[in-house]
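What follows is a set of notes on a single structure, which appears directly below.
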There are 2 protein chains.
Amino acid sequence: MEEGPPDPERAATPTLTAVARMAGVSPITVSRVVRRPDIVSAETRQRVEDAIRKLGYVPNMVAGSLASARTKSVGVLVPTIANSIFADTVQGLSDVLEPQGYSVILAQSGYDPLREDRMLAALLSRRPEAIIMVGAPLTADGAEMLRRARIPVVETWELPAAPIDAAVGFDNHDAGVVVARHFASAGRQRLAFVGGDDRRATQRWHGFVEAARQVGLEDPRRVVVEWQSGAGAGTAALAEVPDADAVFAANDAYAIGLLSALRRAGRLQAEPGATPAIGVVGLGDLEMGRLFSPTVSTIRIDGAAIGRAAAELALDPAKPRRVDLGFELIVRESG
Amino acid sequence: MEEGPPDPERAATPTLTAVARMAGVSPITVSRVVRRPDIVSAETRQRVEDAIRKLGYVPNMVAGSLASARTKSVGVLVPTIANSIFADTVQGLSDVLEPQGYSVILAQSGYDPLREDRMLAALLSRRPEAIIMVGAPLTADGAEMLRRARIPVVETWELPAAPIDAAVGFDNHDAGVVVARHFASAGRQRLAFVGGDDRRATQRWHGFVEAARQVGLEDPRRVVVEWQSGAGAGTAALAEVPDADAVFAANDAYAIGLLSALRRAGRLQAEPGATPAIGVVGLGDLEMGRLFSPTVSTIRIDGAAIGRAAAELALDPAKPRRVDLGFELIVRESG
DNA sequence: GTGAAAGCGCTAACAT
DNA sequence: ATGTTAGCGCTTTCAC
C-alpha cells in the first residue's frame with residue numbers, strides 16, 4: 001500500500017500556527033482570539049474559532065508562559081493532604097485561585113525538612129507566581145530559596161515574627177494558653193498535652209506549659225505522637241499519662257481517639273451533665289467532634305478561611321502581609 | 001549619585017546562560033550538570049556547581065519542558081479535596097509521583113460538569129504527561145478532549161465499561177448489592193439509601209434496589225443529600241424515611257450523622273450486643289467509624305491504594321488498563 | 001484590526 | 001567530554 005506523508009495537521013497535537021493556517025490568519029491573531037477576543041473583528045474571530053474547534057486546539061500554556069513570563073500557577077506546599085485540616089485549606093485557596101485562572105501545583109513535605117526543600121525547589125522550578133505553604137520553611141536553605149524567588153510567599157497556620165513575605169494564621173502559643181487557663185478554671189490539676197513535635201504543636205505546648213505554671217499548676221506532661229492515628233494517639237496518651245485529669249490534644253482526631261480509649265477503659269462514666277473525670281480539648285473543630293458522644297471541646301480554626309485569605313495575599317502584594325484569623329475555644333461535653 | 005547600569009547577574013532570576021558565563025562553559029554543559037552530572041568531568045562539574053550555588057540558580061522547567069516536550073507533571077481532577085476519601089487518593093498518587101520527579105497539578109470540579117470541562121481544559125493546557133481523575137468525565141466534550149490529548153488517562157473510584165484509557169477502582173453497583181443482601185439476611189424490611197446523585201452513588205443505588213427486589217423486599221427509598229454535612233444528611237434521612245429499618249449511607253460521615261441523629265431521637269437504645277433497631281452501613285471506613293459508638297459498619301475502600309495504582313498506570317502505559325481493587329463489607333455494631 | 005520579527009530559557013541532534 | 005546550531009510554541013513590540 002502507498003504510504004502518504006504523515007499529515008501533521010491531524011496526527012500531532014495542533015499548534016497555534018496550525019490553527020492560523022487553517023483560518024488563513026497570522027499566528028498572533030489566533031493568540032488574540034484566545035486571550036482577548038474583544039480586540040479581534042467578529043468575522044475573523046469566527047473563522048479562527050471554527051478552526052480551533054475543528055482542530056480541537058488546546059493552547060500550550062508551557063510555551064505561553066515562557067513567552068510571557070507568567071505561568072498563572074501557584075505552588076502549594078502542605079505537610080500532608082490526608083489531614084482534613086490542611087485539605088480544607090487547600091480547598092479554600094483553590095476556590096479563590098481557580099476562578100481567576102490560576103492552577104495549583106501541590107506538593108507534600110511529610111514534615112521532613114529535606115523533603116520540604118526538595119519540593120520547594122521542584123515548585124520554584126515551575127516558576128509559580130506565588131507560594132503558599134503551611135508553616136514557615138523548616139530550613140534556612142528553604143527560606144533563602146523562597147526569598148531569592150522574589151515572588152509572594154504566604155506562610156499559613158502560624159504567624160512567624162519575621163515572615164519571608166506574608167502570613168495568615170493564628171497564635172498557636174495563645175491557643176495553648178487559653179486551653180491551660182480553661183482547664184485551671186475548671187479545677188483541673190494534672191494537665192497533659194498530646195500531639196506532634198512540629199513547630200506549631202510546640203508553640204501550643206509552650207503556651208500550655210507557661211499558662212499552667214502561671215496559675216500554680218504542676219508542669220503538664222507532653223506525649224509526642226506524630227504520625228499516628230487518633231486511636232493510636234489516644235491509647236498512647238492513656239498509657240503515658242494515666243493520671244492526667246485534663247488533656248489538650250493537637251487535633252480533634254486525637255481527642256476523639258483519647259475519648260474512645262477512655263470509654264473502653266471505663267473512665268468516661270458520669271451522670272449526664274456532670275463534669276467528666278478527664279477533661280479533653282481538641283483542635284480543629286471537626287464535624288465528627290460535634291457528633292461524638294461526649295461532644296468534643298475544641299479550639300475552633302477555620303482552615304478554609306485561612307486558605308482563602310492566603311490566596312488573596314498571594315495574588316495581591318498590596319494586601320496586608322499579616323492576617324490573624326484567630327481561634328475560638330468551644331467548650332462542649334468533653335471538658 | 002551616579003547610577004551604574006543594572007547588573008542582570010544579580011537582580012533578575014539567573015538563567016542557565018548566566019551560570020554558564022560565570023563557570024566559563026557553554027550553556028549545554030550547565031544543562032548536563034543539572035540533569036546528568038555523571039556525563040560531565042569532575043572539575044567542570046565542580047566549577048558549574050559552584051556557579052549554580054553562588055547565583056542561587058533554580059532551573060526553569062517551563063523552558064525545559066517546552067524544549068524537551070516533557071513537563072514531568074500529572075493533572076489530577078477531583079470533585080473536592082475537602083473529602084477525606086479523595087484526599088487519601090491524592091496523597092496516595094502523590095506518594096508515587098513525587099519521588100519520580102513529577103509534580104501534581106490539582107483541580108476541583110465540584111461535581112459540576114461545566115466546571116469539570118473548564119478544569120480539564122486548564123489542566124491539558126499545561127501539557128501534563130497524564131491525567132488522573134475521580135470518575136469518568138461528566139460530559140462527552142470532556143471525554144473528547146481527553147482522547148485528543150493522547151496521554152494516559154486514569155479514571156478512578158469506578159470501573160467504566162469503556163474507559164478512555166485506564167481505570168482503577170471497584171464495582172459500585174456491587175457494593176450496593178452486597179449491602180442490600182446483608183440487610184436482607186439480617187431480617188431488615190424497609191431499606192433506605194442516603195447519598196449524592198453523582199454517577200458512583202447512583203450505581204450503588206441501582207445495585208441496592210435490584211438486590212432488594214431480588215430478595216423480595218419492597219423498593220428501598222432514596223434520600224439525596226449531596227453537599228451536606230454528616231449531621232445534615234443524618235437529619236434529612238431521619239425526616240424523610242422515619243420508618244426505615246436499615247440505611248446504606250454514601251459515606252461514613254453520613255452514617256455517623258445518621259447514627260448521631262438516631263441517638264438524639266432516642267432510637268439507638270438497645271441492650272449491648274442486641275441487634276440495633278435501625279441498621280446503618282457507611283462507605284469508606286473512616287477511622288472515626290471505628291471510634292464511634294456504636295462502631296460503624298462500612299464498605300471498606302482503600303483510597304490511598306487507588307491513588308497509588310492510578311499513578312502507576314498513569315506513568316506506565318504497558319501496565320494493565322483496568323484494576324479492580326475491590327471493597328469489603330465490614331460489619332460492626334451499627335448493623 | 002492585523003501582521004512581521006525577535007526572543008523567552010532551555011534541550012535535541014549533531015558535531016568535534 | 002564539550003560545543004554549535006536550531007527550534008520548542010507562544011507572546012511582545014513595533015509596524016502598518
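The basis for the numbers below is simple: all heavy atoms, side chains too, and nothing from hydrogens, waters or symmetry mates. Here is how names work: the chains are called A, B, and so on, in the same order as the sequence lines, proteins then strands, and each is numbered from 1. These figures come from a predicted structure and were not determined experimentally.
To the nearest angstrom, C1' of D:dG3 lies 17 Å from CZ of B:R21. With rounding to whole Å, B:R47 atom CZ is found 12 Å from D:dA1 atom C1'. Atom C1' of nucleotide C:dT11 and atom CD1 of B:I39 are separated by 12 Å, given to the nearest angstrom. Between the P atom of C:dG1 and the CD atom of A:Q46 lies a distance of 17 Å, rounded to the nearest Å. Distance, B:R70 CZ to C:dA12 P: 10 Å, rounded to whole Å. Per the geometry, CD1 belonging to B:I52 stands 16 Å off P belonging to C:dG9, to the nearest Å. In this structure, B:R36 places its CZ atom 19 Å from P of C:dC10, rounding to the nearest Å. Atom CD in A:E43 sits about 13 Å away from atom C1' in C:dT2, given to the nearest Å.
Using a 4.5 Å cut-off on side-chain heavy atoms (C-beta onward), A:V74 and A:I105 make no contact. The shortest side-chain heavy-atom distance between A:P113 and A:R118 does not fall under the 4.5 Å cut-off. Residues B:M119 and B:S109 fail the side-chain proximity criterion, which asks for heavy atoms closer than 4.5 Å. The shortest distance between side-chain heavy atoms of A:R53 and A:D50 falls below 4.5 Å.
Near DNA chain D, defined here as any heavy-atom distance below 4.0 Å, the residues from residues 59-69 of chain B are B:L66, B:A67, listed numerically.
An OP1 or OP2 oxygen of C:dG9 is reached within less than 4.0 angstrom by no side-chain nitrogen or oxygen of B:Y57. In this model, the phosphate group of C:dC8 is not approached by any side-chain N or O of B:T15 to a distance below 4.0 Å at OP1 or OP2. Taking side-chain N and O atoms only, A:T29 has no distance below 4.0 Å to OP1 or OP2 of C:dT2. Listed pair B:S41 / D:dT2 meets the phosphate criterion, a side-chain N or O lying under 4.0 Å from OP1 or OP2.
Set against D:dG3, C:dT2, D:dC10, the side chain of A:L16 has D:dC10 as its closest nucleotide. Of the candidates D:dT11, D:dT4, C:dT2, the closest approach to any side-chain atom of B:I28 belongs to D:dT4.
Interface remark: the A:R127 side chain does not form any donor-acceptor pair with the C:dG9 base, using a distance-only criterion of under 3.5 Å. Judged by distance alone with a 3.5 Å cut-off, a donor-acceptor contact links the side chain of B:R32 to the base of D:dG3.
Using modelled atom types and a 3.5 Å distance limit, the side chains of A:Q108 and B:E98 yield no donor-acceptor pair.
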| task | Could you please spell out the steps behind the side chain to side chain donor-acceptor pair (under 3.5 Å) verdict for A:R35 and A:S31? | result | CA-CA 6 Å; A:R35 298 179 307 149; A:S31 177; 3.3 Å; yes
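At the heavy-atom level, B:R35 lies under 4.0 Å from the strands shown only through sugar-phosphate atoms.
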Could you tabulate the donor-acceptor pairs under 3.5 Å formed by side-chain atoms of residues 121-143 of chain A, not counting sequence neighbours?
residue	atom	partner	partner atom	Å
A:S125	OG	A:A122	O	2.8
A:R126	NE	B:S103	OG	2.6
A:R126	NH1	B:T71	O	2.9
A:R126	NH2	B:T71	O	3.3
A:R126	NH2	B:K72	O	2.7
A:R126	NH2	B:S103	OG	3.2
A:R127	NH1	A:L124	O	3.0
A:R127	NH1	B:V58	O	3.4
A:R127	NH1	B:P59	O	3.3
A:R127	NH2	B:V58	O	2.7
A:E129	OE1	A:R70	NH2	2.5
A:E129	OE1	A:Y102	OH	3.2
A:E129	OE2	A:T71	N	3.1
A:E129	OE2	A:K72	N	2.6
A:T139	OG1	A:D117	OD1	2.9
A:T139	OG1	A:D117	OD2	2.8
A:T139	OG1	A:D141	N	3.4
A:T139	OG1	A:G142	N	2.9

